[in-house]
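Numbered from 1 within each chain, the chains take letters A, B, ... in sequence-line order. Values below: all heavy atoms of this structure, side chains included; hydrogens, waters and symmetry mates excluded.
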Amino acid sequence: MAEISPEEVQHVADLARLALPPEELARVGRELNRILVYFQELQELNTDDVAITSHAVAMENVYREDSSRPSLPVEEVIANAPDSAEVFFRVPRIVDK
Amino acid sequence: MAFAPCIGLEVHVELDTESKMFCQCRNEFGAAPNSRCCPVCLGLPGSLPVPNRKAVEYVIRTGLALDCQVAERCRFARKNYFYPDLPKNFQISQYDEPLTYGGHFHLQVNGQQKRIRIRRAHLEEDTGKNIHLPDGRSLVDYNRCGIPLMEIVTEPDFSSPEECRVYLTELRAILRYIEVSTANMEEGVMRAEPTVNLIDSDTGEATPMVEIKNLNSIKSVYEAVKYEIQRHWRCLESGEEMYQETRLWDEQNSLTATMRRKESADDYMYFPEPDLVPLVPEHEWIEEIRASLPELPSALRQRLVERYELPEYGAEVITADRDTAVYYEQIVEAGADPKAASNWLMGDVMGYLNEQSLEIADLKVAPEQLAELLALIESNTISGKIAKDVFVKMAETGQSAQEVVKAEGLQQISDESELGRLVDEAIAKNPKAVEDFKSGKERALGAMVGYIMGQTRGQANPQLVNQMLREKLGQM
């Protein structure tokens, strides 16, 4: 497996909205590569007959019926908000990339 | 050059369930801000989503109505992005395994049939609402967050704004017929996002794909698509540079403007939602849903045209809403003439409902009662003109036509001896009209008919009055 490139590290950092200085990027790149090595080892296993797994528990069709119940009081809803205004959450400007 | 417009439509529809998609908060429009929230839809740590079975059923129902396949097995996926309209920092959606897919839709435009491919109809959760403040910060209301949202995506098979308009009108009717959503665009329950570009089918050359947002009526979709196609043509001719971008429709100035350019494809880092197990819709369940589907608008329309010989336009008006169509058939089944029933329904009944801002379900006049009213006209008990007033009275009081006619003494006067007396009186009192009529002025008869109608408060049988007047004048 090819090593993760500095451009790919930058892309992942951008996706996670992390502003990393160059020396950090290099360090994170080395760490990511070490993780990829583990996966390389796992890749050696023959999994041709194994279905792709997304869940550790073999369950399906878990539903609930369509019924409602009271929601939280609005004071509790916004209790943990870092910033709020009356009954609203208040957030800083989000710049779309 | 053989460039032609290629338009695709992505439609989001909030499903009409009692509770949200993954929690039991009420799915309700217009509640006080942040009053319909709980740990699940706020994405608080430790909370777990549980899917609403009814929402899954509604997507399958829609998929079947659009001739889609239902997935034997599918999963939810996390769509990751940074925007405060979802507190979890991801939206639970579907990615490579939509619940339904591969359908199609028969579009009828200007008498021409066209097949539109439906790529998929899948299930996800709606997002919260931001209110942007002048200081750059935003207020967030999470009531809408987590409401079951269905996404219906077509292939880029539309080639004109008119085709988009017809599709959206029909889709809205279907969603209402199968009772999965109110599909109201003005309230944002149904939202449409067209993608538009021009493609040269000979060379494969194409203008950059543009997505249009901020459309809150079918009419604005029509206008925006029309504008965008013309803009692409203009740019092609002038050589002006174009970009792959999202543009916003500006209703006031009737134009689209750049919202954001897409330099690279969006990367939402989709992965299977680990908190939700796969959906494997049972065969019996799907068949049960299929069996419960009502007759869809296009089939119903065709049936009305064939069985009752209604004109295409009339059938369209009557089937735009299912309750109206059911009402129509009930009038006819109660014995009314199909043509008279459709005229009355589209004229007086719809006029009254519009004026009073009522739905047909709120109308106090039962279809059988309307049929009785039509029978009274048919039998000459009342005139068509008086029937209009009788109808309003019926709608106001809930009384039957007979009751209103009796209470108000509105029976048509067809008694020949009484009419004969009135005819003599009309002739005696209108010598000028008599003279004019005799000298060949047909219209002069109107003055005498008018006199009799006035004397009888409109209750004289107009055909009979006409006939008797002519006879009498002919003898003079």
Testing the basics here: between [X] and [Y], what is the closest heavy-atom pair and its distance to 0.1 Å?
X: B:Ser35; Y: A:Ser71; value: O-CB, 3.5 Å
X: B:Val280; Y: A:Asn61; value: N-OD1, 2.7 Å
X: B:Phe82; Y: A:Leu15; value: CE1-O, 2.9 Å
X: A:Met59; Y: B:Pro278; value: O-CD, 3.4 Å
X: A:Arg64; Y: B:Cys23; value: NH2-O, 2.7 Å

For the [atom1] atom of [X] and the [atom2] atom of [Y], what is their distance to the nearest 0.5 Å?
X: B:Leu133; Y: A:Arg90; atom1: CG; atom2: CZ; value: 7.5 Å
X: A:Glu65; Y: B:Thr17; atom1: CD; atom2: OG1; value: 12.5 Å
X: A:Phe89; Y: B:Leu139; atom1: CZ; atom2: CG; value: 11.5 Å
X: A:Arg17; Y: B:Asn89; atom1: CZ; atom2: CG; value: 9.0 Å

| request: Go through the atoms of A:Ala16 and report whether side chain, backbone, both or neither lie under 4.5 Å from a heavy atom of chain B. | output: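 Just the backbone, heavy atoms under 4.5 Å.
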
Neighbour count above 12 (heavy atom, 6.0 Å) for [X] [atom1]:
X: B:Glu72; atom1: CD; value: no
X: B:Met242; atom1: CE; value: yes
X: B:Tyr95; atom1: OH; value: no
X: A:Glu23; atom1: CD; value: yes

[X], part contacting chain A, at a heavy-atom distance under 4.5 Å:
X: B:Glu282; value: side chain
X: B:Phe22; value: backbone
X: B:Leu276; value: backbone
X: B:Leu279; value: both
X: B:Pro39; value: both

| field | Residue selection (most heavy-atom pairs with chain A, distance under 4.5 Å) from B:Asp135, B:Asp275, B:Asn52 | value |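 Heavy-atom pairs under 4.5 Å are most numerous for B:Asn52.
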
| message | Let's test your reading of the structure: which of B:Pro272, B:Pro274, B:Ser138, B:Pro87 forms the most heavy-atom pairs below 4.5 Å with chain A? | response |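 Sorted descending by pairs with chain A, the first entry is B:Ser138.
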
| field | Contact winner vs chain B - A:Val74, A:Val91, A:Asn80, A:Val77, heavy-atom pairs under 4.5 Å | value |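 Counting heavy-atom pairs under 4.5 Å, the top option is A:Val91.
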
| query | Between B:Glu18 (side chain) and A:Ser68 (backbone), is there a donor-acceptor pair under 3.5 Å? | reply |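 Present.
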
| request: State, yes or no, whether a side-chain contact exists between A:Val57 and B:Val277 at a heavy-atom distance under 4.5 Å. | output: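 A:Val57 vs B:Val277: side chains apart.
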
| Reference residue A:Asp66; test side-chain contact (heavy atoms from CB on, under 4.5 Å); the match among B:Lys20, B:Lys54, B:Arg53 |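 Single side-chain contact (heavy atoms from CB on, under 4.5 Å) partner of A:Asp66 among B:Lys20, B:Lys54, B:Arg53: B:Lys54.
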
